[in-house]
Participant: 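Dropping the structure in here first, questions after.
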Amino acid sequence: MSAAPAYSEDKGGSAGPGEPEYGHDPASGGIFSSDYKRHDDLKEMLDTNKDSLKLEAMKRIVAMIARGKNASDLFPAVVKNVACKNIEVKKLVYVYLVRYAEEQQDLALLSISTFQRGLKDPNQLIRASALRVLSSIRVPIIVPIMMLAIKEAASDMSPYVRKTAAHAIPKLYSLDSDQKDQLIEVIEKLLADKTTLVAGSVVMAFEEVCPERIDLIHKNYRKLCNLLIDVEEWGQVVIISMLTRYARTQFLSPTQNESLLEENAEKAFYGSEEDEAKGAGSEETAAAAAPSRKPYVMDPDHRLLLRNTKPLLQSRSAAVVMAVAQLYFHLAPKAEVGVIAKALVRLLRSHSEVQYVVLQNVATMSIKRRGMFEPYLKSFYIRSTDPTQIKILKLEVLTNLANETNIPTVLREFQTYIRSMDKDFVAATIQAIGRCATNIGRVRDTCLNGLVQLLSNRDELVVAESVVVIKKLLQMQPAQHGEIIKHLAKLTDNIQVPMARASILWLIGEYCEHVPRIAPDVLRKMAKSFTAEEDIVKLQVINLAAKLYLTNSKQTKLLTQYVLSLAKYDQNYDIRDRARFTRQLIVPSEQGGALSRHAKKLFLAPKPAPVLESSFKDRDHFQLGSLSHLLNAKATGYQELPDWPEEAPDPSVRNVEVPEWTKCSNREKRKEKEKPFYSDSEGESGPTESADSDPESESESDSKSSSESGSGESSSESDNEDQDEDEEKGRGSESEQSEEDGKRKTKKKVPERKGEASSSDEGSDSSSSSSESEMTSESEEEQLEPASWSRKTPPSSKSAPATKEISLLDLEDFTPPSVQPVSPPAIVSTSLAADLEGLTLTDSTLVPSLLSPVSGVGRQELLHRVAGEGLAVDYTFSRQPFSGDPHMVSVHIHFSNSSDTPIKGLHVGTPKLPAGISIQEFPEIESLAPGESATAVMGINFCDSTQAANFQLCTQTRQFYVSIQPPVGELMAPVFMSENEFKKEQGLQGGH
Amino acid sequence: MLDNGFPLATESNILKELIKPPTILRTVVNTITGSTNVGDQLPTGQLSVVPWRRTGVKYTNNEAYFDVIEEIDAIIDKSGSTITAEIQGVIDACVKLTGMPDLTLSFMNPRLLDDVSFHPCVRFKRWESERILSFIPPDGNFRLLSYHVSAQNLVAIPVYVKHNISFRDSSSLGRFEITVGPKQTMGKTIEGVTVTSQMPKGVLNMSLTPSQGTHTFDPVTKMLSWDVGKINPQKLPSLKGTMSLQAGASKPDENPTINLQFKIQQLAISGLKVNRLDMYGEKYKPF
């Protein structure tokens, strides 16, 4: 329908295809005759069979387009070549088509079949580019074809094509918004995609097409959080801003219980295992502990988001850093927002454009969270090379950050700034001083004195600005400052800046009682020059006259009348109005208006002092980092950041239930293998990793310790767990706890199996995953299953990217396994956890031998396989008394050889031990074949200290220095005693 | 590469594979075989987890260079005391290694680094846990890391400026004298010294004589610039002379600011030291 008129129009414009159109354009025919010729030969070149000629022609045509010349008359000639075999020609034809297809729709249709063929091409690059161009052609008639193509591409094998499909969605939407429903279906499908390549693009499409359909995100929330770090930078920005909005609608505000939270912040970070152990240990403790805990518990998904975005603060891309910063500012609890300050300060080093945006945001943040940037005060000092805009913003930040303690340094800086050559900046500095003075009472007098000194400055602007600021300051405490007002009154002779004159007049009028002698004189002078003044000054002269008339009518009656009559005939109607109004009020007329009796009250009422506020004060209702925030005005397309909900929406919506979970988790595993770069191992990739292996997963502990419906929360991508938990859902928390408890016991009773699972697996990541799925699986049967699937996921299960994949998998091995302690605080928490876990274990099971086989729990790395040249060594504390010596702690050492040569003669070499510590070496291991692993037991007497035992691990060829540092809990042995005995012991030790 | 305004591929290595940069050899080959510089296969990197690295890189000389570049930003007041000074650094790399090398760069004193931002290739977790930079480098030149040295470490500014700039109220002449000298340079020479200064509006012209280097004064923008070059500690460079001020006008009350730029080769002012660089994943020996 719409194509028909377009067609006829075309005809009119270009006289139909095939005709030499350029004749129509007088310019091209006459003046640019060379153009005319060139077009002719271009056509010829395009019609030849030689690719090189075609290419040459296309290059020239594209160059013409780039220069803004019209090349539309070549359309028919060009479009023929869309079927050209040469890929380079083809691409240039595509470029041309994207530019001109909209103008010549009927002709463009000729090319559609080529694209459709291209969409079926075996080469993914061709498929993708065909789709890209097809969707870029803005011809309404092909909307159904595009729709079909997008749908097909969305289920393409290649992620690259799927990505292109995601890109095509907004294009189609802008062409025909009626397709929205169908497009949403495609978006939904693509959102479920698990490759990093697609994630960014589909979220972009989501934001363009249906930002309100937040329900589509639920199922993909956790996946997006986990993928985030591997998505390319552009995608990260889009995803982060979408997740910010999502989190605002789905989670409770973390700041509602600020005080409580801060109190518990420490706990939330490191106390997770402790809580968990407690919860698992006995029902009573858990039940008792739960209600007494903080009433606000951060949703684990909320925590997941915060945790996964944090590393992105280290991104090289300023946009990503800014996006994370706004996410933290809008979503994180107060105690954690501080982490973004450092990264933002870093951005201040980049280009001035970036600086400008960042400073705008910092200015807003520094109002709400001043403490955050205080340590970086000096980074906001102004450099003489900064552009004025940046200087003023920095000044704004400095002013916001000024407080009682740092005000002396800030003021000293300001003093330097006043001598700057940049006058706008100086004026802003004076304003800033004024604001500091109002905010911080202590320095008000100092500031005032400083400003008064500035009154003798030679630069008029400086003086004027000071006057204005002084006026504001004086309003706060006028009584003491008669002197200053007198000084100001003298200035009226010199100052020409209207605003300053008006300010002085207002001050004199307002405080005319403090300067009874000078005021009438000033009025006299002003009356003389009344006609020459600016409007704003005139208004103040009237004001002054009125006030003086009321207080001192004897001296000023005539003057006032003179001024009023001058004003009556002024050109400006405002002034005429004001004069009329004032006259009626103050001069008692014959009617004796009721108002004039109250004139004194009206004019001389005490006025509240103005509050000097930052211009960024109310900006925070715009989402930080948005264009609207930058402009301080709502931009088109701006989406308001929703407020936190009162009640948390159901968190279970984010649980993923997938019918064929084995297959899916296969994919899952593969993907996790695929992304070794930041998320080294599963330990980081999701909260699935149960709390006992991952010290960081406080989300886990939160959900378990919280009494309210903890069932669904602890799950994440790993689907088997979700299934279990979905089944369990609906039961009360108590049953959940006991369930948990039961599982623990199950786990302990099948130690052999577990030991087998973990030791036979060489990559410790899969072993940890299996051990943790055991944790939650309900029965022993299921226990084996996850272990087996996790083991049999072959890396090449996907065919597409297989070639390079293999080498990448190798690379992944260089990354440390999940159980390895990541940072010093983590070590502390592991040891604490292990500590307590040890205690609970002894509590529930009495036979020590049952404890012996090692779970993935305390497995620590002794030697990384990279450092060990293929030899990887882990150790665990087996929690058994060492057979040789009761003072020794037995340590299980696991060797695995991942190199391709056998490792021979493994033994302990000369130990270098601190006093008291001794080692019982393990028997030498003769040889370790490639791919094999072995376990040995050694005893260490740590002498009840947590000092590390350092020793050498020797092979035939190499020596490695290693050290074992025991957590406190591993040094204790369980002792059984009755209550009475216990009390007796207590008494002996002089305890309480 | 953009699609409808949304970036599609921006990694230079990917783009290079999509459209190969022309070389003489390639031009010759292309004219003979009729092939083109435009790749007809999707770059494998695009789909892999290392989108920043081209595949099939081959070099006969395998080499990798790392430049540690540090910048001091300091504000110094007129009496010579440092108001604020901070060190920002970057490590730029030029890596020409065959295949898919996995590099590990460790520092002697990684705690020095207060705030860092990485190229996406750096494994963040390794850095968090071990303070080691572990990465599969992109091919060619790239910025591996940029960092900020914590402000607690006092920064020793390696140069000083002695200045004597005075305007006299009565006469229309002002005196101008600045001297630049080295301070704590650890035996390295200071090079590429340039001094620029924005003079107040009242200054009409300046007649100065430098002891070394060249100087210019632009009477329109009032910008004085002095290209000093190397500083010889035995003979400190100085710039002396007079300024002619606008007659009749009172002396300007702004203080001119002096911007000083310099370079010191082979000195990381923060004291950052690279410990070692290891390569895994490939058989050959680099360097």
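Throughout, a chain's letter reflects where its sequence line sits, starting with A, and its residues are numbered from 1.
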Participant: Look up atom OH in Y381(A) and atom CD1 in I75(B), then write down how far apart they are to the nearest 0.5 Å.
Facilitator: 8.5 Å
Participant: If you compare all heavy atoms of S379(A) against all heavy atoms of E86(B), which two are closest, and at what distance to 0.1 Å?
Facilitator: OG-OE1, 3.8 Å
Participant: Side chain from CB out, backbone as N, CA, C, O: work out which of these in V238(A) comes under 4.5 Å of a heavy atom of chain B, or both, or neither.
Facilitator: side chain
Participant: Is S146(B) close to R316(A) at the side-chain level, that is, under 4.5 Å between some pair of heavy atoms?
Facilitator: no
Participant: Please name all residues satisfying side chain to side chain donor-acceptor pair (under 3.5 Å) with K90(A), sequence neighbours left out, ordered by chain then number.
Facilitator: none
Participant: Hey, could you give me the CZ/OG1 distance between R383(A) and T257(B), rounded to the nearest 0.5 Å?
Facilitator: 12.5 Å
Participant: By a 4.5 Å heavy-atom criterion (distance strictly below it), what part of S52(A) contacts chain B: side chain, backbone, both, or neither?
Facilitator: neither
Participant: If we only count heavy atoms from C-beta on, is the T385(A) to N259(B) side-chain gap below 4.5 Å?
Facilitator: yes
Participant: For the CH2 atom on W127(B), are there more than 12 heavy atoms of other groups (residues, nucleotides or ligands in this structure) within a distance under 6.0 Å?
Facilitator: yes
Participant: With only heavy atoms counted, which part of L145(B) is less than 4.5 Å from chain A, the side chain, the backbone, both or neither?
Facilitator: neither
Participant: Would you say Q314(A)'s side chain and V116(B)'s backbone share a donor-acceptor pair under 3.5 angstrom?
Facilitator: yes
Participant: Between D115(B) and R346(A), does any side-chain N to carboxylate O distance fall below 4.0 Å?
Facilitator: yes
Participant: Could you look at S315(A) and say if it's the side chain, the backbone, both or neither that has a heavy atom under 4.5 Å from chain B?
Facilitator: backbone
Participant: Can you confirm whether K310(A) is buried at NZ, in the sense that more than 12 heavy atoms of other residues, nucleotides or ligands lie under 6.0 Å from that atom?
Facilitator: no
Participant: Working to the nearest 0.5 Å, report the span between NZ of K342(A) and CG of D114(B).
Facilitator: 4.0 Å
Participant: So, are D73(B) and R349(A) salt-bridged, with charged N and O less than 4.0 Å apart?
Facilitator: yes
Participant: Taking side chain as everything from C-beta outward and backbone as N, CA, C, O, which of these in Q198(B) sits under 4.5 Å from a heavy atom of chain A? Side chain, backbone, both or neither.
Facilitator: both
Participant: Can you measure from OG1 (T82(B)) to NZ (K378(A)) and round to the nearest 0.5 angstrom?
Facilitator: 9.0 Å
